[in-house]
Amino acid sequence: MTAKELREKYLQFFSAKGGSASGGKEKGHAVLPSASLIPENDPTVLFTTAGMHPLVPFLLGEEHPSGKRLTSVQKCIRTGDIDEVGDNWHLTFFEMLGNWSLGDYFKEDAIKWSWEFLTDEKWLGLDKERLAVSVFAGDNDAPFDEEAYNFWRDLEVPEERVARLPKKDNWWGPAGKTCPCGPDTEIFYWASDEPTPDIFDSENKNWVEIWNNVFMQYNKTAEGKYEPLAQKNIDTGMGLERTVAVLNGKNNVYETELFAPLIDKIKETSEDKEDEKSIRIIADHIKTAVFILADPSGVAPLNIGQGYVLRRLIRRAIRYAKKINMANNLAPLAEIIINIYKEQYPELAEKQNIILGELKKEEEKFAKTLERGLKEFEKLEEVTGKEAFNLFSTYGFPLELTKELAKEKNIFINGEEFENEFKKHQELSRTASAGVFKCGLADASDEVKKLHTATHLLHTALKKVLGDHVEQRGSNITAERLRFDFSHPEKMSPEDIKKVEEMVNEKIKESLPVKFEIMPIEEARKFGAIGLFGDKYGEKVKVYSVGDFSKEICGGPHASNTGELGHFKILKEEASSAGVRRIKAVLE
Ligand code: ATP
Ligand code: MG
């Protein structure tokens, strides 16, 4: 089975109308398009790390325009997994197949449908003998998930193949914060030629996790109590690459059609063809870089934020390419990746020139500094935080590269300072990953809601002052400020900035009500709503209006009246990337 078939089957299975032949219930999930890799309006992470990520407001209770049952194929990036890349199963870029219930069906249907999809001959037809599952064992906070256990047993999964694991393995949710949370159940496949053991031991690496079903059923209160949630949700995620691998009898993701041509190309042009780990790292990192570069937000290699992650990935790939003496540069690899994915993700082909151009620029920049940097590096007897930073700022050595090089060359790394700096950067990549999936659901505080409404006012004011060419390119809101990226060819004049500011403040003073309506996308267009119209499948959308001033397609949440907003102030207007400007603003 190909990746394309698997994506299609998954969406078909969950969107099917009517019951199944075996008398099953109607599934009827609405198919959502993959959201951008750079999350909109979520300051807690740099990248979309799971299919649930774009759905956070709806998991917290906002009404979704497509209903209570949703399914998608979502592009994900987990830079927090970077140290595991090279093993058989962990990638920094992967696709997640997911299905959600927003307060609709719960454990029984979720578990039964997972099993049906995996094992029924009509669908994936995986061998039941090679499957095992885990459920939450229970502790002082919440009981053993007996319900999930019993539903698996009803499906005749043997007792010794249902592992009971503690919070660290089978719980999704907050550490210390208040937040929806709950147990999960994970599904594993025996990906080895060895006979499948009767007893499921999750420590045995031949068992690969392919699918996770999360049961959001508790709310952790400020006092640390776990109370039942009013809206119980299902949130599942199945790894596309892992599942394609096991469906084709492979014991790693690199032998699937999503990687094989890339691996072949790297081997073909490299001297050291046996260094499997380096080859995998190059393939993984370049793929992730290509997808970041293709994102509509226009990220370029930089020393901060997503641009820093991009730079690190490209430079780390180049260094491993040197290690195995790869002859060619990155362009032929990027072309292969674009080819593999262009049908599913047309943005890759559309942005081919930008992708290849940015890769080339970064390769040239790095080549210039790498040699000089290596010379400096070799002079060192130990590396302190200061030196690590010097290497980073002068020669563009990402910190973990410094750490890896030091290890290779037996150079002593000294000083808490270095560790602290290193940890800070690791933290950065981790928040870009595990952070959100282990909860920390986006901050839907009142401050964030107000800034979100202010962003809509700003968007419309920019269009009115600068012209209709202004389109949103990105948005990021923290409790302290908003950041808005938009298309505009030149720096804004101080007069225009003032005009925009005044227009927004005028609308705040008018105390306009903020309301939403759900409507078909064509109607939204007729209605004059601005916002992202690119949805392939999204039939219905949510349109937020602020009085008569602004109409915008958006998931929410928002303030209920502009009168709550206070005083709007633009702090900064600057270039973000070619043809894109960035505004930072606050409410005082
Ligand atoms: P693991 O324990 O293997 O790292 P996880 O518990 O982090 O997986 P989830 O967060 O539950 O995984 O994500 C849901 C599914 O997404 C997993 O079952 C797996 O199939 C897939 N997945 C997760 N992380 C990766 C990754 N780094 N590369 C490829 N697929 C992944
Ligand atoms: Mg993981």
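In listed order, ligands and their atoms are each counted from 1.
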Report the relative orientation of the aromatic rings in Trp123 and Phe117; use parallel for angles under 30°, tilted for 30 to 60°, perpendicular for over 60°. tilted
Just go through His90, Glu95, Glu241, Arg242 and tell me whose heavy atom is the nearest to atom 4 (O) of ligand 1. His90
Per-atom filter on ligand 1: closer than 4.0 angstrom to a heavy atom of Ile210 are 18 (O), 20 (O)
Do Lys287 and Phe259 meet the cation-pi criteria used here (NZ or CZ under 6.0 Å from the six-membered ring centre, within 45° of the axis)? yes
Would one find more than 12 heavy atoms of other residues, nucleotides or ligands at under 6.0 Å from atom NZ of Lys273? yes
Set of ring-ring contact (aromatic ring centres under 6.0 Å, His included) partners for Phe136, sequence neighbours left out: Trp171
Just going by heavy-atom distances, which of Met96, Arg78, Glu186 is nearest to atom 9 (P) of ligand 1? Arg78
Does an N or O anywhere in Glu84 fall below 3.5 Å from an N or O of ligand 1? no
Which of the numbered atoms in ligand 1 are below 4.0 angstrom from a heavy atom of Trp211? 18 (O)
Please set out all donor-acceptor pairs under 3.5 angstrom arising from side-chain atoms of residues 190-197, sequence neighbours excluded.
{"residue": "Trp190", "atom": "NE1", "partner": "Glu194", "partner atom": "O", "Å": "2.8"}
{"residue": "Ser192", "atom": "OG", "partner": "Glu194", "partner atom": "N", "Å": "3.0"}

Is the His29-Tyr105 ring centre distance short of 6.0 angstrom? yes
Closest to atom 8 (O) of ligand 1 among Glu209, Met52, Met238 (heavy-atom distance): Glu209
Nearest to atom 25 (C) of ligand 1 by heavy atom, Phe94, Tyr189, Phe93, Trp89: which? Phe94
Need the ligand 1 atom indices (1-based, order shown) with element for anything under 4.0 Å from a heavy-atom of Asn212. 11 (O)
Between Phe58 and Trp100, does the ring centroid distance fall short of 6.0 Å? no
Below a 4.0 angstrom heavy-atom separation, can you tell me which part of Asp81, side chain or backbone, both or neither, approaches ligand 1? side chain
